[in-house]
Amino acid sequence: MVEKEHLNTTLICRIQEHANQSVTLNGWVYNSRRSGKIGFLLLRDGTGTIQCIIVKNDVGEDQFESFKSLTQESSLSVSGTVVENERAPGGFEIQVNTLTIHQVSEEYPITPKEHGTEFLMNNRHLWLRSKRQHAILKIRHEIIKATRDFFDSNDFTLVDTPILTPNVCEGTTTLFETEYFGQRAFLAQSGQLYGEANAFAFGRQYNFGPTFRAEKSKTRRHLLEFWMVEPEIAYCDLDEDMVWAEKMLEFIVQRVLENRKFELEILERDTSMLEKVKAPFPRISYTECVDMLKEGGFDFQWGGDFGSPEETYISEKFDRPVFVHRFPSAIKAFYMKRDPENEDLVMGMDVLAPEGYGEIIGGSEREADHDTLLKRINADGLSLDDFQWYLDLRKYGSVPHAGFGMGLERTVTWICKLSHLRETIPFPRMYGRLRP
RNA sequence: UCCGGUGUAGCUCAGUUGGUUAGAGCAGCGGACUGUUAAUCCGCGUGGCGUAAGUUCGAGUCUUACCACCGGAGCCA
């Protein structure tokens, strides 16, 4: 921790350490009210908000006049005494001696009233200052930190994977294409294949970075640029893969419950559902799901891929996240290991979040045999040039290995119980929106 | 790309079966108030009714096309 004497700023989140002391706070006007000769200024500094009291008889005519000139989001510093007062939101307030205005804000577009999402998204650079957005992004940060802490404390190494790639990883989705000095290149849709190389070098690795999919998706569950954490574990089978996934989710949710109570309250999140997120999670096979769907009145044939309504139906049957495993091989990627007991199935799994949120994790045990994998690559019509290095992994000490990818924004959406994932990333990239 | 919905002031919306001057709240500006919590009270302003064409004596209101946005499907994390 950097010692206080080196720093210019006292933070509002630390204000209780300064009770009855003189402090200077630097921030912005969140709201201000006046009642004759007493003024109430809600100051925001990014770590919290605190009420500042400006009394005309204490600060003098000039200072009071400059207080009156303040508009929403004007920047200023206030000096005064920290006092405990139960009338103040937060319990502490500042009795102001002096205030220094840095800039009087022009008419601020985001008012305390309601706004539509298009307007707010156009003003995303300002919207981030609002209470609700602030709470969501604080929880996002907590989830990222918990994820890293979970893997770090379980002997994983963070090994980053490239964003510019020559190959089409799964060959199913459309990728953003760019030019790499005369060669075709793509923005990575996953770091998984590189993660497998890393796992054979480090044993347990995870990568955590942005991924890109050039789909014209117009739903509440899709972004074109989103963040994914992808652990990959050597000497790991599907069963152990599921244990890693459920222990990770349990850890993340507990951390958010412990450290982000205030933010969950702002979002009016009912935490009773989150408290139930304890391992082990139910494990049901794809085939069992098909039966559940048929019983539920769905017209669904074995072999088809679950759409969003199917996922929602299944996840609502359980009070905690649920694993769906062993999908038909025909609908899954070439690198997934076939079920030794049934060639028509792959050793893959998805995690469906509760409360109808659907898929947040997709993973599998990978095909470890060189010749089998080569056959799949050829069958899918993928370029051998691009996958030679990947096949190499099966030539030099191949072992059973497994991993999964968790969509960060989908996880944040579920934990915050939002109706749309666009608020879970500071600057969302969606179909039809590149700015701001 | 397909299906459904919306488009009126800076923002959120109202606007009757088409009828002549287009309406409210918030934000903004001026004033009152020494404990406000989206403060309250008084006063002041703002409009190419998404764009283009059509029907009609008359269109914010009806018709068609286009555009933008929202929701859903597909793709998936």
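Side chains are part of it too, since the values below use all heavy atoms of this structure and drop only hydrogens, waters and symmetry mates. All chains are named by letter (A, B, ...) in the order of the sequence lines, taking the proteins before the strands, and each is independently numbered beginning at 1. Every value quoted in this text rests on a predicted model; they were computed, and no experiment measured them.
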- Message: Can you tell me which nucleotide in B:A77, B:C29, B:A27 comes closest to the side chain of A:E107?
- Response: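 Closest of the options to the side chain of A:E107: B:A27.
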- Minimum-distance nucleotide (side-chain atoms of A:T117 versus B:A73, B:C70, B:A77):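 Looking only at side-chain atoms, A:T117 lies closest to B:C70.
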Between [atom2] of [N] and [atom1] of [X], the distance in whole Å:
X: A:I360; N: B:A77; atom1: CD1; atom2: P; answer: 12 Å
X: A:R410; N: B:C75; atom1: CZ; atom2: P; answer: 12 Å
X: A:E215; N: B:G74; atom1: CD; atom2: P; answer: 12 Å
X: A:R435; N: B:C69; atom1: CZ; atom2: P; answer: 12 Å
X: A:L70; N: B:G28; atom1: CG; atom2: P; answer: 12 Å
X: A:M121; N: B:C11; atom1: CE; atom2: C1'; answer: 17 Å
X: A:E118; N: B:C67; atom1: CD; atom2: P; answer: 16 Å
X: A:F208; N: B:A77; atom1: CZ; atom2: C1'; answer: 12 Å

- Message: Protein within reach of the bases, or only the backbone? For nucleotides 1-7 of chain B, mark each nucleotide 5' to 3' as B, S or -, using heavy atoms under 4.0 Å.
- Response: B------
- 5' to 3', nucleotides 30-38 of chain B under a 4.0 Å protein heavy-atom cut-off (B base, S sugar-phosphate only, - none) gives ---BBBBBB
Does [X] have a side-chain nitrogen or oxygen under 4.0 Å from the phosphate oxygens OP1 or OP2 of [N]?
X: A:H115; N: B:C13; value: no
X: A:S308; N: B:A73; value: yes
X: A:R433; N: B:C70; value: no

Taking atom [atom1] in both [N] and [M], compute the distance separating them and give it to the nearest angstrom.
N: B:A22; M: B:U46; atom1: C1'; value: 12 Å
N: B:A52; M: B:C75; atom1: P; value: 40 Å
N: B:U16; M: B:U61; atom1: P; value: 11 Å
N: B:G60; M: B:C26; atom1: P; value: 28 Å
N: B:G15; M: B:A24; atom1: C1'; value: 11 Å
N: B:C41; M: B:U36; atom1: P; value: 15 Å
N: B:U8; M: B:C70; atom1: P; value: 15 Å
N: B:A59; M: B:C49; atom1: C1'; value: 11 Å

Between [X] and [Y], does any side-chain N to carboxylate O distance fall below 4.0 Å?
X: A:R124; Y: A:E423; answer: no
X: A:R269; Y: A:E355; answer: yes
X: A:R376; Y: A:D380; answer: no
X: A:D237; Y: A:K337; answer: no

So, [X] versus [Y]: side-chain donor-acceptor pair below 3.5 Å or not?
X: A:T211; Y: A:R213; value: no
X: A:N123; Y: A:R129; value: no
X: A:T81; Y: A:Q21; value: no
X: A:R204; Y: A:T157; value: no
X: A:S77; Y: A:N26; value: yes

- Closest non-hydrogen atom pair, A:E367 against A:R338: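 Looking at all heavy atoms of both residues, the shortest contact is OE1-N, 4.0 Å.
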- Task: Let me know which of A:T100, A:N97, A:T24 forms a side chain to side chain donor-acceptor pair (under 3.5 Å) with A:S79.
- Result: A:T24
- Using the criterion of both pairing distances under 3.5 Å for Watson-Crick and G-U wobble pairs, give all stems of 3 or more consecutive pairs involving RNA chain B. B:1-7 with B:67-73, B:10-13 with B:23-26, B:28-32 with B:40-44, B:50-54 with B:62-66
- Query: Hey, does the side chain of A:E311 reach the backbone of A:E359 with a donor-acceptor pair shorter than 3.5 angstrom?
  - Reply: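 Yes, because the side chain of A:E311 sits within donor-acceptor range (under 3.5 Å) of the backbone of A:E359.
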- Message: Treating A:T174 as the side-chain partner and A:E215 as the backbone partner, does any N or O pair qualify as donor plus acceptor under 3.5 Å?
- Response: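 Side chain of A:T174 to backbone of A:E215, a donor-acceptor pair under 3.5 Å: no, none is there.
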- RNA chain B nearest-nucleotide lookup for A:P309 and A:G116: closer to the 5′ end is A:G116
- Message: Heavy-atom nearest nucleotide on RNA chain B for A:K332 versus A:G432: which residue maps closer to 5'?
- Response: A:G432
- Base, sugar-phosphate alone, or nothing: which one does A:M406 contact when heavy atoms must sit under 4.0 Å apart? nothing
- Item | Sugar-phosphate only, base, or nothing, as touched by A:L223 at under 4.0 Å among non-hydrogen atoms | base
- Query: Of the options A:F300, A:F318, A:F306, A:F298, which is the one that meets A:Y313 in a ring-ring contact (aromatic ring centres under 6.0 Å, His included)?
  - Reply: A:F298
